[in-house]
2 protein chains.
Amino acid sequence: MPRGRKRDENAQKRVLDSTFELVGSGTPGKVSINEIAAAADVAKQTIYRWWPSRTAVILDALVVGTMKATPFPETNDIKADFEAHLRTVIRLFNSPTGQIVREMLAEAQTDATIGDEFRTRFWQPRRDLSRARLERGVELGLIRNDIDYEIVLDAIYGPLWTRLTIGHLPLTSAHATKITAALWPGIADPNPG
Amino acid sequence: MPRGRKRDENAQKRVLDSTFELVGSGTPGKVSINEIAAAADVAKQTIYRWWPSRTAVILDALVVGTMKATPFPETNDIKADFEAHLRTVIRLFNSPTGQIVREMLAEAQTDATIGDEFRTRFWQPRRDLSRARLERGVELGLIRNDIDYEIVLDAIYGPLWTRLTIGHLPLTSAHATKITAALWPGIADPNPG
DNA sequence: GAATAACCAGACCCGTAGTCTCGATATTCG
DNA sequence: CGAATATCGAGACTACGGGTCTGGTTATTC
């Protein structure tokens, strides 16, 4: 048995919750570690004992707080599945989580390590799910077997990503349908079965 | 005639050049104003006399250094025009300019004012050109007249933007062709003429 | 030659990420 | 119980960057 005082799991949770709340609340400007510590009612040192940097805390808050937020339905209507999935992503991007994603993205632009972690822990899992669904569609004969998966995935998520990060136009759930509709002619198998 | 010493246009140019060079060189981490001042051989105060903030300097360096970098060819083959345009954008994103764009994007995520300026001075001009080209295609009967321009534009630039900012996969000029090919079935007028 | 405004150099202020110290509190083992 | 260990909170401290201010100098106009 390890000696010494036990780690306060509750404090850890308060840190992540406060981080999610503060960063996600759309407060203009960056959220400082001091603010997080104060909001979580925790000493700064306690944060740095368990996370290596401010950004690591935020990424954890993002991943933990989004664990089960973008499910991928699995029916035989793959197009409808994608629409439904995109709607959940859109809802996510318009929620506090979207704000946290933007913050992580910002950090990732000038810190390659953060970029790696962001991709590994947030981006790739969703993308892998989506790719698997495309592959399944090919098996079922619903999707052309000569598509370039990575290109199609970029085309699916790219529009959402662009609106989230550029903010040139709002992102509404109607876009799930519009994007799917725009892409499907190039994806659907013209000779199904 | 205004009294006093004239503004040193050359110093201004050195600032923008040094900024472009430093930020674009892919040096990991942020470039500080002190570094820019030193590289441009200019006093820090001289920079702040002509620009309101560090970010404003970088945005200026971006816009000035990219003025004529993404031309849009105009032939009767609109699809080919788009491919050519995308190739220039891809080349741009893979050049030092891409690094500067990422830096600006990062700042824009936590500063709405910067976001506005970035959109107005960098993003929208290219997008407007592109939209005009789409509209022309509709006039010529090459493009469906029921497309949602904004959705199509997002679909065109989204994949490039995603690869630049996420970096999950490399962005090569071959993507210009692939993206256009993937989108065109949903764009081209099925009954041309 | 006086007034003006830019220039360089560098001190200075302030806020933030991250470290360090210290005294208090849990927990385990003997 | 008491020694050893590891956490905790509080807050001082360092390092550094954005941005301001001061002061001495130089160019320009009247």
Side-chain angles (χ1 to χ4, degrees), chain A residues 1-19 22-23 27-61 100 103-104 106-115 117, chain B residues 1-19 22-23 27-61 100 103-104 106-115 117:
Chain A
M1 286 292 121
R3 297 237 228 164
R5 184 173 179 170
K6 287 264 167 60
R7 175 172 180 181
D8 184 346
E9 301 288 347
N10 197 276
Q12 183 189 16
K13 185 172 182 309
R14 287 202 309 276
V15 169
L16 292 179
D17 287 349
S18 299
T19 302
L22 284 173
V23 180
T27 309
K30 294 196 180 183
V31 175
S32 75
I33 275 286
N34 284 335
E35 288 171 305
I36 293 174
D41 203 23
V42 146
K44 204 192 334 190
Q45 179 58 36
T46 300
I47 296 181
Y48 281 107
R49 195 188 312 274
W50 304 113
W51 288 276
S53 68
R54 186 192 90 104
T55 328
V57 179
I58 299 176
L59 179 57
D60 251 27
I100 305 180
E103 167 81 30
M104 285 307 309
E107 301 290 342
Q109 300 309 310
T110 45
D111 184 328
T113 309
I114 297 296
E117 270 207 69
Chain B
M1 286 295 121
R3 297 236 227 165
R5 183 174 179 168
K6 289 261 167 60
R7 173 172 181 181
D8 185 346
E9 301 288 346
N10 197 276
Q12 183 189 17
K13 186 174 181 310
R14 287 203 308 277
V15 169
L16 292 179
D17 287 350
S18 300
T19 302
L22 285 174
V23 180
T27 308
K30 294 195 178 183
V31 176
S32 75
I33 274 287
N34 284 334
E35 289 171 305
I36 293 174
D41 203 24
V42 146
K44 204 190 336 187
Q45 179 58 35
T46 300
I47 296 181
Y48 281 106
R49 194 187 313 277
W50 304 113
W51 287 276
S53 70
R54 186 193 92 103
T55 329
V57 179
I58 298 177
L59 179 57
D60 251 29
I100 305 179
E103 167 81 29
M104 284 308 307
E107 301 290 344
Q109 299 310 310
T110 45
D111 184 329
T113 309
I114 297 295
E117 271 207 68

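We name chains A, B, ... by the order of the sequence lines, and we start the count at 1 in each one.
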**Message:** Going by the rule salt bridge (charged side-chain N to carboxylate O under 4.0 Å, His left out), which residues pair with B/Asp111 if we only count those two or more places apart in sequence or in a different chain?
**Reply:** none
**Item:** Pairs involving residues 36-53 of chain B, ordered by first then second residue, that meet salt bridge (Lys or Arg N to Asp or Glu O under 4.0 Å) (sequence neighbours left out)
**Value:** none
**Prompt:** Which pairs with one or both residues in residues 7-19 of chain B pass salt bridge (Lys or Arg N to Asp or Glu O under 4.0 Å), sequence neighbours excluded?
**Reply:**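 Applying salt bridge (Lys or Arg N to Asp or Glu O under 4.0 Å) to every pair that reaches into residues 7-19 of chain B, excluding sequence neighbours, yields B/Lys13-B/Asp17.
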Test of understanding: with side chain to side chain contact (heavy atoms under 4.5 Å, CB included), list the residues that count as partners of [X], not counting sequence neighbours.
X        : answer
B/Ala56  : B/Trp51, B/Pro52, B/Ser53
A/Ala39  : A/Ser18, A/Leu22
A/Thr110 : B/Lys30, B/Glu103
A/Ala106 : B/Ala106, B/Gln109

**Item:** All side chain to side chain donor-acceptor pair (under 3.5 Å) counterparts of A/Glu35, not counting sequence neighbours
**Value:** A/Ser32
**Message:** Run the side chain to side chain donor-acceptor pair (under 3.5 Å) test against A/Thr113 and tell me which residues pass, sequence neighbours left out.
**Reply:** none
**Asked** How would DNA chain D look in dot-bracket form, 5' to 3', counting Watson-Crick and G-U wobble pairs with both distances under 3.5 Å and writing | for bases paired to another strand?
**Response** ||||||||||||||||||||||||||||||
Check nucleotides 3-5 of chain D for protein N or O atoms closer than 3.5 Å to its own N or O atoms and list the pairs.
residue: D/dA4; atom: N3; partner: A/Arg3; partner atom: NH1; Å: 3.4
residue: D/dT5; atom: O2; partner: A/Gly4; partner atom: N; Å: 3.3

**A/Pro2 or B/Asp41, whichever maps to the more 5' nucleotide of DNA chain C** =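 Taking each residue's closest nucleotide, the earlier one in sequence belongs to B/Asp41.
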**Item:** Summary of protein contacts for nucleotides 12-17 of chain D, nucleotide by nucleotide, where a base hit scores B, a sugar-phosphate-only hit scores S (4.0 Å, heavy atoms)
**Value:** -----S
